[in-house]
Amino acid sequence: MARILITSAIPYINGIKHLGNLIGSQLPADLYARYQRGRGNEVMFLCATDEHGTPAELAAAKAGKPVAEYCAEMHGVQADIANRFGLSFDHFGRSSSDQNKALTQHFAGKLDEAGLIREVSEKQVYSNADGRFLPDRYIEGTCPNCGYDRARGDQCENCTKQLDPTDLIEPRSAISGSTDLEVRETKHLYLRQSAMKDQLDSWIDSKTDWPILTTSIAKKWLHDGDGLQDRGITRDLDWGVPVMKGDQDWPGMEGKVFYVWFDAPIEYIACAREWADATGKPDAEWERWWRTDKGADDVRYVQFMGKDNVPFHTLSFPATILGSGEPWKMVDHLKSFNYLNYDGGQFSTSQGRGVFMDQALEILPADYWRWWLLSHAPESSDSEFTWENFQQSVNKDLADVLGNFVSRITKFCRSKFGEAVPQGGAFGEREKALIDDLTRRIRAYEGHMEAMEVRKSAQELRAIWVAGNEYLQAAAPWSTFKEDPDQAAAQVRMGLNLIRLYAVLSAPFIPATSARMLSAMNTLDTSWPQDVQDAISALPAGHDFAVPDVLFAKITDEQREDWQTRFAGTRD
RNA sequence: GGGCCUGUAGCUCAAUUGGUUAGAGCAGAGCGCUCAUAACGCUUUGGUUGGGGGUUCGAGUCCCUCCGGGCCUACCA
């Protein structure tokens, strides 16, 4: 039994995520986790909320709440929605947990011992009105290059020129609009990534099976200009992990916190500890997933993320782990996704454009979304959500191909044989051909799932569903029944067993529907079809079942138009 | 500005890494079936692979160039 550690990029705390965020990491990670569990492998699937940083503080202020309270509340909201989407995390943690504080401080201490931390005194913009240092992006002013009056401190959106905050004419705080800004001297810790450049470079070189999207981004950062730059890992903020060397104070760094991108990936590890603590397990239980000296040497670790997160996962986080000199598990495979666009533009959290996870569940059950999103996952390039495409795909694939298959066979059986698997007859050439075909397709499906080829997996699964309809059409038990009821019984028995088989195979994509199919077939047998011959005999003659309600109602044109209108604007 | 990705049928995507006649699903057309959610099955129409040039026995794939789309560019996360 293989052991597989899976992490999804951790969603930021300030608000509910949209469908583009979902398909970028959490959903494909869940697909993979469910598949591996289905195959009988031991899986640890971790995710968490990313709670530190300036945007969290601002969102809390806007909501009129203390930041800790705001984050706790939003964590609850996100956990609930994730649960309703069927995201099967073994633990959904928080980067603000005590476990992550301790581990982040531990890593910082180890990196310092290894001589990989240096102090830098630098000048940053401080806003007296806001009472805080401002990240470059939170400073607005007039662009010295093109005169655009809403240029940001890092770059002018109008002319794309990169800027320094001090370049701006009449700079002001983007938070309060205050012009009462001053440049203050402040001291920060930098991670000496440059000292680890060669080590990281050869590590990346060893990952020959990673997508080009992943390695090319890492290579760019490693070799661009002067090569990999050192990175500031502390900030002058109140909310975050206090800067400490392990459990010791860090002289001169009082009142400062670690930068969110230093502590966020460490939460992948801390999350496992949260899991152990929450379930009353000893440390050894989480360490066997993360410490190669404590049992994790046979773990395969897979990370899922959107393309914007790649540099942090290929460089900063590995630098943190390698630099610690401790035997932590490093990522084996990194699956990154492009973006999902919404109806001709981008999904946007800040502008409230597109469909958000809570809204999606208000109009349709999770499996509709899971199927469409996964079967259209933006793997090779950005992809696009349109309501027409969504309606067509869902109606055809889920309602017509799969849902109707279940409906036609169960109802036919009920009317001719009653609600029990019929007895009599035997499988012949046609059934043998079907089993051979299914065997080939299931092996192909497994191959695509192992390779995390999401769209290809969906395509193959759909073809497996279609094979059931092809079989029924060719076997035509409604005709056979008239001359040879025994043979019709065997054909129906095959059909009913296909429903159970499809439930097992489809569970990673549409878990709730899969559960309904199994429940209708009155079985708990979810064993993976190593041998299709055996799998289609799991439900024996005489086994009771029930005709389920319609599995997937079709999306009507009226609904589609209604939603199209409702989601055309932006969220309030 | 620099780096990278991308452009294939009306739509969404393939093409075993340079190898026969570029394939699927949807949509369209025709036929069949009547168990089923007016569902299913079979057949079928769609392509000068963004334009142009080059390398090669052979190019969707490699090179050059032009055009379009996207991401990143280190203090949003």
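Chain letters run A, B, ... following the sequence lines, proteins first, then strands; residues in each count from 1.
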Touch check for [X], heavy atoms < 4.0 angstrom, all strands: base, sugar-phosphate only, or nothing?
X        : value
A:Val260 : sugar-phosphate
A:Asp308 : base
A:Asn404 : base
A:Phe405 : nothing
A:Val466 : sugar-phosphate
A:Thr54  : sugar-phosphate
A:Ser383 : sugar-phosphate
A:Lys456 : sugar-phosphate
A:Lys554 : base
A:Gln124 : base
A:Gly53  : sugar-phosphate
A:Gln491 : nothing
A:Phe552 : base

- Task: Report the relative orientation of the aromatic rings in A:His75 and A:Phe92; use parallel for angles under 30°, tilted for 30 to 60°, perpendicular for over 60°.
- Result: parallel
- Task: Indicate, with yes or no, if the rings of A:Phe347 and A:Tyr342 have centres closer together than 6.0 Å.
- Result: yes
- Message: Using the six-membered base ring of B:C35, report whether A:Phe412 stacks on it, requiring centroids under 5.5 Å and planes under 30° apart.
- Response: no
By nearest atom, which of the nucleotides [options] is closest to the [X] side chain?
X        : options             : value
A:Lys396 : B:A14, B:G70, B:A27 : B:A27
A:Pro55  : B:C76, B:U37, B:A27 : B:C76
A:Gln473 : B:C40, B:C26, B:U12 : B:C40

- Distance under 6.0 Å and angle within 45° of ring axis: A:Lys17 vs A:Phe356: no
- Between A:Phe337 and A:Lys335, is there a cation-pi geometry (under 6.0 Å to ring centre, at most 45° from the normal)? yes
- Message: Using a strict threshold of under 4.0 Å (side-chain N to carboxylate O), is an ion pair present between A:Arg132 and A:Asp236?
- Response: no
- Under a 4.0 Å N-O cut-off, is there an ion pair linking A:Glu453 with A:Arg455? no
- Side-chain H-bond candidate by donor/acceptor type, A:Asn389 with A:Trp372, under 3.5 Å: yes
- Query: For RNA chain B, what dot-bracket results from Watson-Crick or G-U pairs at under 3.5 Å, with [ ] for crossers and | for inter-strand partners?
  - Reply: (((((((..((((.....[...)))).(((((.......))))).....(((((..]....))))))))))))....
- Message: Can you work out whether A:Leu472 or A:Ser393 has the more 5'-proximal nearest nucleotide on RNA chain B?
- Response: A:Ser393
- Task: Find the distance A:Phe337:CZ to B:C13:P and express it as a whole number of Å.
- Result: 14 Å
- Message: Using a distance-only criterion (donor-acceptor N/O pair, under 3.5 Å, no hydrogens), is the base of B:C42 paired with the side chain of A:Glu470?
- Response: no
